[in-house]
Amino acid sequence: MMRASGILSLLFVASALGGVIEDFEYLSVEDMCGLLPQDTSLLRPSTCDNWVRCPNSLEAAVEQGACASGLYYDKDLGRCILASSAKCPYKGLGATEQAKNYCANETDGSFVVDPSSSDCRGYILCKNGKQIRANCPNELIFQPTSRSCVYETQYHCPKSSTKRSDPACRSLPNNTRLADPVHCDQYYECVSDLLHIRSCPALSAYDAALGYCVNVSEVACYETAALPEPENTFCLDEATGSARVGYFADDLSCAHYYICNKPKAGKHDTEPRHLSCPLGQYFDFEKLSCRDRLNVRCQLDRCVGTNLTYVNVAGDCQSYGRCSGGATVSTGLCPSGYYFDERNQGCSLTNYHYIACSA
Ligand SMILES: *[C@@H]1O[C@H](CO)[C@@H](O)[C@H](O)[C@H]1NC(C)=O
Ligand SMILES: *[C@@H]1O[C@H](CO)[C@@H](O)[C@H](O)[C@H]1NC(C)=O
Ligand SMILES: *[C@@H]1O[C@H](CO)[C@@H](O)[C@H](O)[C@H]1NC(C)=O
Ligand SMILES: *[C@@H]1O[C@H](CO)[C@@H](O)[C@H](O)[C@H]1NC(C)=O
């Protein structure tokens, strides 16, 4: 049952990303460096003695080199050392494991388990003889016999006795960061050859070239990574930093109001309902009601939420505003002894003392 939904959604991800992080080792050196902070040095994947140094500025180019005879490149020391005392992550993997094509005996469009996935989330899609690596959606893992993504309760993921290193980390020095190609507020970090996903603190995002989180206003995201939609903080009381719950006037329009629900998991409601009063009515915070706009004090533009041409002005019952396109375009003053009456659209000798214009 899960097959259709799990795989459909992942096909999309696989084709959209091509598994950039999973296939890090197969990228061009320029594309690898695009994911890494400037001036990062790494072991060239699938070799023991070649290194790559990423550009240290936008103008510079990628530099590549090879260790002198008898030496291997140590990614953590960042230099070549005697091969006998070096540990090469690609040795033993050999050509077989590395270049093994798990799709060799598969029909086009089939799914096979990804043996390099230690948490069972990974699978391989065989497409036109090529292997496209992808992961099952959150909370799902790949079931090798049904060849589909299933819930963790439906399949027991065998724990590998030795923690496998993540392919993306094999060639990178410890604690190297990689940009997340999708989310600019996240990044990856290789710690002891395991790939960890990290989130930037609130209002900051990951700068791909600098390799750390900076203020959202000055971040240079990885080219395909997007910033999250700004969070709706209406239900966050800025003075106290805590959530507020209930009905609240919209601070941009007297004709609208919000309903803030109870916080979830300690977090204020980030999707409050935004509602409108009927035409001619304003939200009254004290009565928690929509009512005749003349009975509501409104310090905002009173041309909002009405189709009248002339409106009363807050705090001055002799003045009026002229509306056009839902905004006040000019103001005027009734002759001495006259008061503006929005209901009759004119100046009147009677002062109705509307709350809307009273001081
Ligand atoms: C494909 O089939 C051949 C011949 O049966 C076998 O030697 C090879 O290991 C198979 N490849 C994979 C990836 O299973
Ligand atoms: C990698 O760095 C972390 C600290 O950030 C350290 O705890 C760990 O032991 C290091 N791993 C290796 C293999 O050096
Ligand atoms: C981020 O930048 C904005 C706009 O330049 C500024 O108002 C804000 O204080 C900055 N935030 C931090 C945490 O530096
Ligand atoms: C304003 O809206 C009301 C209710 O929809 C309508 O009856 C009235 O004719 C409108 N007035 C103008 C000037 O458009």
Side-chain angles (χ1 to χ4, degrees), residues 19-27 29 32-56 63-67 70-94 97-98 114-122 133 135 157-202 204-215 219 221-222 225:
V20 175
I21 297 293
E22 293 86 337
D23 287 343
F24 182 79
E25 295 173 295
Y26 309 109
L27 299 177
V29 290
M32 286 179 199
C33 285
L35 290 161
L36 299 170
Q38 285 179 350
D39 212 11
T40 299
S41 292
L42 61 146
L43 174 65
R44 179 143 153 224
S46 306
T47 76
C48 292
D49 55 0
N50 282 239
W51 49 263
V52 175
R53 184 178 163 211
C54 296
N56 58 3
E63 187 189 352
Q64 297 190 67
C67 296
L71 305 183
Y72 276 0
Y73 183 76
D74 182 307
K75 61 177 184 162
D76 285 315
L77 297 175
R79 57 185 168 84
C80 301
I81 60 171
L82 273 180
S84 53
S85 49
K87 220 170 63 196
C88 174
Y90 295 99
K91 227 177 167 188
L93 275 179
E97 184 71 21
Q98 259 307 295
D114 180 354
S116 68
S117 169
S118 53
D119 58 4
C120 292
R121 290 186 57 215
R133 286 190 156 80
N135 286 312
C157 177
K159 282 268 177 294
S160 45
S161 49
T162 55
K163 259 197 174 170
R164 245 183 243 264
S165 62
D166 277 287
C169 294
R170 266 181 220 146
S171 58
L172 299 176
N174 195 17
N175 302 314
T176 298
R177 295 171 170 191
L178 296 119
D180 179 329
V182 185
H183 308 286
C184 190
D185 59 338
Q186 295 183 349
Y187 57 95
Y188 293 95
E189 188 170 17
C190 289
V191 180
S192 301
D193 284 349
L194 291 176
L195 193 63
H196 297 264
I197 188 149
R198 311 270 196 227
S199 297
C200 290
S204 70
Y206 184 75
D207 190 292
L210 295 176
Y212 48 83
C213 299
V214 300
N215 194 329
V219 69
C221 295
Y222 181 76

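Both counts, for ligands and for their atoms, begin at 1 and track the order of listing. Small disclaimer: the values here were computed from a predicted structure and weren't measured.
- For atom 2 (O) of ligand 2, a protein heavy-atom neighbour is found at a distance under 4.0 Å.
- At the top of the distance list for atom 6 (C) of ligand 2, counting protein heavy atoms only, stands Asn174 ND2, 4.1 Å.
- When only non-hydrogen protein atoms are considered, atom 5 (O) of ligand 2 lies nearest to Asn175 OD1, 3.0 Å.
- Those atoms of ligand 2 with a heavy atom of Ser192 less than 4.0 angstrom away are 1 (C), 8 (C), 10 (C), 11 (N), 12 (C), 13 (C).
- Remark: the backbone N or O of Arg79 is not paired with any side-chain donor or acceptor of Asp74 at under 3.5 angstrom.
- For Asp23 (side chain) and Tyr26 (main-chain N/O), no donor-acceptor pair under 3.5 Å exists by modelled atom type.
- Formation of a donor-acceptor pair under 3.5 Å by the Lys75 side chain with backbone atoms of Leu42 is not found in this model.
- Panel note: side chain Asp76, backbone Asn174; a donor-acceptor pair is recorded below 3.5 Å.
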